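Here the structure is laid out as structure tokens; the discussion comes afterwards.
One-based numbering along the sequence shown. Bear in mind the structure is a predicted one, so any value in this text is a computation, not a measurement.
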Amino acid sequence: MSGMIWSALGGAVANAGNTIGGMMMRDIEDQRRREEEDRKEANYIKRLEEADRVKSERDAAREEALQQRVIKDSQAARARAGEIGAAREEQMLNQDAERLARASASIEGSAPSTTAEQFKQMLKDNPKLRDLYAGTGVVGRNMTADEQRLQSSSDLSQAAMDIGAHSSVIKAYQADREAVLKEIRDKNERARQERREDRADAREDRRAEEGRVQAEQTNRRLDILQQNADTSKKRAETVRVGGQDYRTAADFTQRERTLRTQIGKAYGEQKDKLQDELDELLTARRNWEAGTTAPAPAPAATTPRPGASAPGNNPPGNRRPLDSFLTRPQAATTIS
């Protein structure tokens, strides 16, 4: 009985040991597999990092090589552009020197005192001479600052293509030429706009001056018309009677008093003349006070009237309200 029990216990222990051993073996296998996977992953990452490093070094080397080529091509392009500019300048100098020599020969005869080489050296030593000669129409003028900038950028672009420079160098010089050209065009357009505005301002100033002159002329004409009107009005307000002008009521009153005094002292034909003048004066005054400039009608012919020395003998129509305060003349004095 006990043997069976121990035998059973031993089997159980053996089975438990086998189970525990199997579990331990599976753990060991799992650990070994995880370690292998970790090692593979680490190797893969290492290979990726190495590949990235190699690629970065290769890219850096390529970039460095590109930069060196760009620098080299830029230097070569500038040197080539200098050659292009020098060749063009030499050609221009030769052409201008030949033109000057021919012009000099046509003036001085078949043996000019200055040769083409001498003219060429003169233009080299003093470039401003070209502008001086250009004024005569013999040679072309020097380029302006903007033309020189555009020509230099064009020479660089052409030189980069001539030497087969890297595309980035060619594109950079072409872009620079386009930028210079645009800047010059914008500058010229602004200058044209300013000239248009200046011309418009000048036209406005001219029109304003013409308007001012016309206004002054109109004002002068109006002043003349006003002066003429004033003169006409003054003439219309002036009445001439017996060779004397009357402009105010006081003028009429003063003359009327004088005439009445003279009539009171006169006699015969002289008295009749004075009476006629008084009648004419009174008629003219009535017309003047009525605002008319019609001349006073000539007095009717009268015969001497005996005893007509007193003002009271005047017809009632010729008597003025002022008679009430005029001084009555004394009786006529007989002259012996």
Measure the spacing between CG of Leu274 and NZ of Lys265 and express it to the nearest 0.5 Å.
12.0 Å
Does a side-chain N-to-carboxylate-O contact under 4.0 Å join Asp59 and Lys55?
yes
Side chain to side chain contact (heavy atoms under 4.5 Å, CB included) for Leu281 and Arg285? Distances and angles first, verdict last.
CA-CA 6 Å; Leu281 177 66; Arg285 180 166 186 170; 5.6 Å; no
Does the pair Arg212/Glu209 count as a salt bridge with the N-to-O cut at 4.0 Å?
yes
If we count only N and O atoms by modelled type, under 3.5 Å, do the side chains of Thr258 and Arg255 hold a donor and an acceptor together?
no
When you check the gap from the basic side-chain N to the acidic O, do Glu83 and Arg80 get nearer than 4.0 Å?
yes
Run the numbers on Phe119 and Asp96 for side chain to side chain contact (heavy atoms under 4.5 Å, CB included), then give the verdict.
CA-CA 8 Å; Phe119 276 119; Asp96 291 344; over 6 Å; no
Determine, step by step, whether Asp198 and Arg195 satisfy the salt bridge (Lys or Arg N to Asp or Glu O under 4.0 Å) criterion, reporting the C-alpha distance in whole Å, the side-chain angles of both residues, the deciding distance to 0.1 Å, and the verdict.
CA-CA 5 Å; Asp198 290 341; Arg195 288 194 295 271; over 6 Å; no
Is the closest basic N to carboxylate O distance between Arg286 and Glu289 below 4.0 Å?
no
List the atom of Ala97, the atom of Ala116, and the distance in Å for their closest heavy-atom pair.
CB-O, 3.1 Å
Identify whether the distance between the nearest side-chain nitrogen and carboxylate oxygen of Lys128 and Asp131 falls below 4.0 Å.
no
Can you measure from CG (Asn94) to CD (Glu90) and round to the nearest 0.5 angstrom?
5.0 Å
Side chain to side chain contact (heavy atoms under 4.5 Å, CB included) between Ile45 and Glu49, intermediate numbers included
CA-CA 6 Å; Ile45 294 173; Glu49 290 176 349; 3.7 Å; yes
Given Glu147 and Gln151, is the side-chain hydrogen bond (donor to acceptor under 3.5 Å, both in side chains) satisfied, shown in steps?
CA-CA 6 Å; Glu147 290 172 341; Gln151 186 63 64; over 6 Å; no
Approximate separation, where rounding is to 0.5 Å, of Arg260 CZ and Leu278 CG:
4.5 Å
Which atom of Ala159 lies closest to which atom of Ala77, heavy atoms considered:
CB-O, 3.2 Å
Indicate yes or no: at least one non-hydrogen side-chain atom of Tyr173 is less than 4.5 angstrom from one of Arg78.
yes
Could you check whether Asp186 pairs with Lys182 (Lys NZ or Arg NE/NH1/NH2 to Asp/Glu carboxylate O, under 4.0 Å)?
yes
Which atom names give the shortest non-hydrogen contact between Ala165 and Ile170, and what distance separates them?
O-CD1, 3.5 Å
Atom NZ of Lys120 and atom CD of Gln95: how far apart are they, to the nearest 0.5 Å?
11.0 Å
Mind checking what makes salt bridge (charged side-chain N to carboxylate O under 4.0 Å, His left out) contact with Glu50, not counting sequence neighbours?
Arg53
Please step through side-chain hydrogen bond (donor to acceptor under 3.5 Å, both in side chains) for the pair Asp27 and Gln31, ending with a clear verdict.
CA-CA 6 Å; Asp27 290 340; Gln31 179 66 28; over 6 Å; no
Would you say CZ of Arg185 has more than 12 non-hydrogen atoms from neighbouring residues, nucleotides or ligands within 6.0 angstrom?
no
Criterion side chain to side chain contact (heavy atoms under 4.5 Å, CB included) on Val70 and Asp73, from CA distance to verdict
CA-CA 5 Å; Val70 167; Asp73 289 350; 5.8 Å; no
Quick one: do Glu178 and Lys171 make a salt bridge, cutoff under 4.0 Å?
no
Between Asn142 and Arg130 (side chain of the first, backbone of the second, donor and acceptor by atom type, cut-off under 3.5 Å), is there such a pair?
no
Evaluate whether atom CD of Glu57 has more than 12 neighbouring non-hydrogen atoms of other residues, nucleotides or ligands under 6.0 angstrom away.
yes
Hydrophobic cluster membership, Leu66 vs Val169, 4.5 Å side-chain cutoff
yes
One should read off an interatomic distance between Ile263 CD1 and Asp272 CG, to the nearest 0.5 angstrom, of 9.5 Å
Identify whether the distance between the nearest side-chain nitrogen and carboxylate oxygen of Asp276 and Lys273 falls below 4.0 Å.
no
Walk me through it: do Glu37 and Lys40 pass the test salt bridge (Lys or Arg N to Asp or Glu O under 4.0 Å)?
CA-CA 5 Å; Glu37 290 175 354; Lys40 289 179 179 180; over 6 Å; no
What about Leu150 and Leu156, same hydrophobic cluster or not, with Ile/Leu/Val/Met/Phe/Trp/Tyr joined at side-chain heavy-atom distances under 4.5 Å?
no
Verify same cluster id: Leu132, Val139 (apolar side-chain graph, 4.5 Å):
yes
According to salt bridge (charged side-chain N to carboxylate O under 4.0 Å, His left out), who are the partners of Glu183, at least two apart in sequence or on a separate chain?
Arg149
Taking side-chain contact (heavy atoms from CB on, under 4.5 Å) as the test, write out the residues that go with Asp245, two or more places apart.
Thr238, Arg240, Arg247
Does one hydrophobic cluster hold both Met122 and Leu93, with members joined at side-chain heavy-atom distances below 4.5 Å?
yes
Any chance you could lay out the salt bridge (Lys or Arg N to Asp or Glu O under 4.0 Å) test for Arg58 and Glu63, step after step, and finish with the verdict?
CA-CA 8 Å; Arg58 187 167 57 248; Glu63 182 67 22; over 6 Å; no
For a salt bridge (Lys or Arg N to Asp or Glu O under 4.0 Å) check, start with the C-alpha distance between Arg26 and Glu29, then their side-chain angles and the critical distance, and finish with the verdict.
CA-CA 5 Å; Arg26 285 196 297 273; Glu29 288 296 329; over 6 Å; no
Could you go through the side-chain hydrogen bond (donor to acceptor under 3.5 Å, both in side chains) check for Asp155 and Ser152 one step at a time?
CA-CA 5 Å; Asp155 290 346; Ser152 297; 5.5 Å; no
Gap separating the CD1 atom of Ile184 from the OG1 atom of Thr144, nearest 0.5 angstrom:
7.5 Å
For the ring pair Trp288 and Phe252, is the centre-to-centre distance below 6.0 Å?
yes
Distance-only side-chain donor-acceptor flag, Arg177 / Ser157, under 3.5 Å:
no
Are Met92 and Met143 connected, step by step, through hydrophobic side chains (Ile, Leu, Val, Met, Phe, Trp, Tyr) whose heavy atoms are closer than 4.5 Å?
no
Quick one: do the Arg190 and Gln193 side chains pair a donor with an acceptor below 3.5 Å?
no
Hey, are Arg207 and Glu204 close enough for a salt bridge, meaning a charged N less than 4.0 Å from a carboxylate O?
yes
